[in-house]
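Within every chain, numbering begins at 1; the chains are lettered A, B, ... in the order of the sequence lines, protein sequences first and strands thereafter.
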There are 2 protein chains.
Amino acid sequence: MQRGADASLDEVAKHAQVGIGTLYRHFPTREALLGAACDERLSELAQQSRQRAARVAPGEALCVFLEALVRHASVYRGLAASLGIVLKNGSSGCHATTEEGLRLLSLAQASGEIRSDIAFDDIVCMATAISLTTAQDAPGGRRIDRLVSMFVDGLRVRAPKASRGPRS
Amino acid sequence: MQRGADASLDEVAKHAQVGIGTLYRHFPTREALLGAACDERLSELAQQSRQRAARVAPGEALCVFLEALVRHASVYRGLAASLGIVLKNGSSGCHATTEEGLRLLSLAQASGEIRSDIAFDDIVCMATAISLTTAQDAPGGRRIDRLVSMFVDGLRVRAPKASRGPRS
DNA sequence: ACCTGAACACCGTTCAAGT
DNA sequence: ACCTGAACACCGTTCAAGT
């Protein structure tokens, strides 16, 4: 399951050495299969985020979390489109990731860094969006970074720092 | 062609009263077909944007343009994913829309409202992203508006107005 | 020259038969 | 009870035959 990105279900079954029917009984929906396939990876993502969040400001932690989510969704073709559903399907790593995201968002909003009218679903939505659009890009492109940075700027409460003096 | 969103090519051909082979010869790629199907609509979009741009500030004009593009890409299922390619395919309305977008972006950047490191491709990319993610949403949802607003905030040069006083 | 649609290839899904 | 994979349905694409 590791590499075979958007292989046909037939190939997945063959590679897992089971019949296609058995595959269907274990994973009734495509989302269930995807969820199981990347569950471990999501667990790691959540854990790394928790560790990082102990060191940096909430807003920053949320940004890096978003970026990690985008990159995660880009690993398996076909995952991005159903990221929202996969995260909700409840398997352990999905749940951990959702929990961590909710936690970071609350913290960042409480600290006044991030707009209070943002929902976690919007974060997932953005991660999905960036993954989907950059999927066709050349592999090592800079667009992911640029889009993440743009998105994140959109999340920030206005005038956080005024890196240059404001005009007139 | 008007309504049949993501119908099979077979149905498109049948509806157009031609053989499937003829359809292929007229439109060798899916993008060519999509481009032709929405060309008129894109012409209108570009024209309306030009009229609007005469009345409002460049940044504002660019935002409304982006929103229109998002809504356009949401009309036909399957268009969003290839919006970038479709816009480049060169048919009249596509060309007009690209021209108008480039023009608005230049103006908005020259006026200092919009970040100078944004490319038109990024705008298209964002429109694609929002369309793709909101495609699965309930029809009348508010998410499109919220995401467009977020995106656009990300485009803006910092501290444009300082709606509230900056902190300490 | 142009059009047609049967034919082929591919993939997702089901379900009768086997163990 | 559980597994299997042939069989069915569907869609995209091509190309030999017809006009």
Side-chain angles (χ1 to χ4, degrees), chain A residues 1-39 41-42 72-92 94 128 131-133 135-137, chain B residues 1-39 41-42 72-92 94 128 131-133 135-137:
Chain A
M1 300 231 199
Q2 288 285 43
R3 299 252 77 214
D6 51 355
S8 75
L9 291 188
D10 214 59
E11 288 185 285
V12 173
K14 209 147 276 167
H15 190 258
Q17 313 222 23
V18 297
I20 179 70
T22 307
L23 186 71
Y24 264 89
R25 245 175 356 92
H26 283 319
F27 310 106
T29 69
R30 192 174 199 87
E31 282 77 27
L33 175 59
L34 280 168
C38 66
D39 194 61
R41 204 186 164 81
L42 279 176
H72 168 77
S74 304
V75 168
Y76 304 84
R77 281 174 210 240
L79 172 58
S82 15
L83 180 63
I85 301 169
V86 168
L87 280 180
K88 284 197 179 88
N89 97 335
S91 92
S92 148
C94 301
T128 304
S131 288
L132 283 170
T133 30
Q136 304 141 332
D137 287 11
Chain B
M1 301 231 197
Q2 288 284 42
R3 299 251 77 216
D6 51 355
S8 74
L9 291 188
D10 213 60
E11 289 186 285
V12 173
K14 210 147 275 169
H15 190 259
Q17 312 223 25
V18 297
I20 179 69
T22 307
L23 186 69
Y24 265 88
R25 245 177 353 94
H26 283 318
F27 309 105
T29 69
R30 195 173 197 86
E31 283 75 28
L33 176 58
L34 280 168
C38 66
D39 194 61
R41 204 185 163 82
L42 279 176
H72 169 77
S74 305
V75 168
Y76 303 84
R77 282 177 210 237
L79 171 58
S82 15
L83 180 63
I85 302 167
V86 168
L87 279 180
K88 284 196 180 88
N89 99 333
S91 90
S92 147
C94 300
T128 304
S131 288
L132 283 170
T133 29
Q136 302 140 334
D137 287 12

Between C/dG5 atom P and B/L9 atom CG, what is the distance in whole Å? 16 Å
Nearest-Å distance, CD (A/Q17) to C1' (D/dT4)? 14 Å
Using only atom types and a distance under 3.5 Å, with no angle test, would you say the side chain of A/T29 pairs donor to acceptor with the backbone of A/A32? yes
Measure the distance from CG on A/L23 to C1' on C/dC11 and round it to the nearest whole Å. 13 Å
Contact check, side chains of A/T128 and B/L132, non-hydrogen atoms, under 4.5 Å: no
Select one nucleotide: of C/dC2, C/dG5, D/dT4, the one nearest the side-chain heavy atoms of B/R25. C/dC2
Rounded distance in Å - CG (A/L33) to C1' (C/dT13): 14 Å
B/Y24 side-chain proximity, nearest of D/dC3, D/dT4, D/dT13: D/dT13
Hey, what do you get for CG (A/L79) to CZ (A/R41), rounding to the nearest 0.5 Å? 9.5 Å
Nucleotide D/dT13, atom C1' - distance to CZ of B/F27 in whole Å: 17 Å
On DNA chain C, compare the nucleotides closest to A/G21 and A/D10; which residue's is nearer the 5' end? A/D10
Which base, if any, makes a Watson-Crick or G-U wobble pair with D/dC15, both distances under 3.5 Å? C/dG5
CD of A/E31 versus C1' of C/dG12: gap in Å, rounded? 14 Å
Under 4.0 Å, counting only non-hydrogen atoms across every strand here, what does B/I20 touch: a base, just sugar-phosphate, or nothing? base
Any side-chain heavy atom of B/L83 within less than 4.5 Å of one from B/S131? no
B/T22 has a side chain; which of C/dC3, D/dT4, C/dG12 sits nearest to it? C/dC3
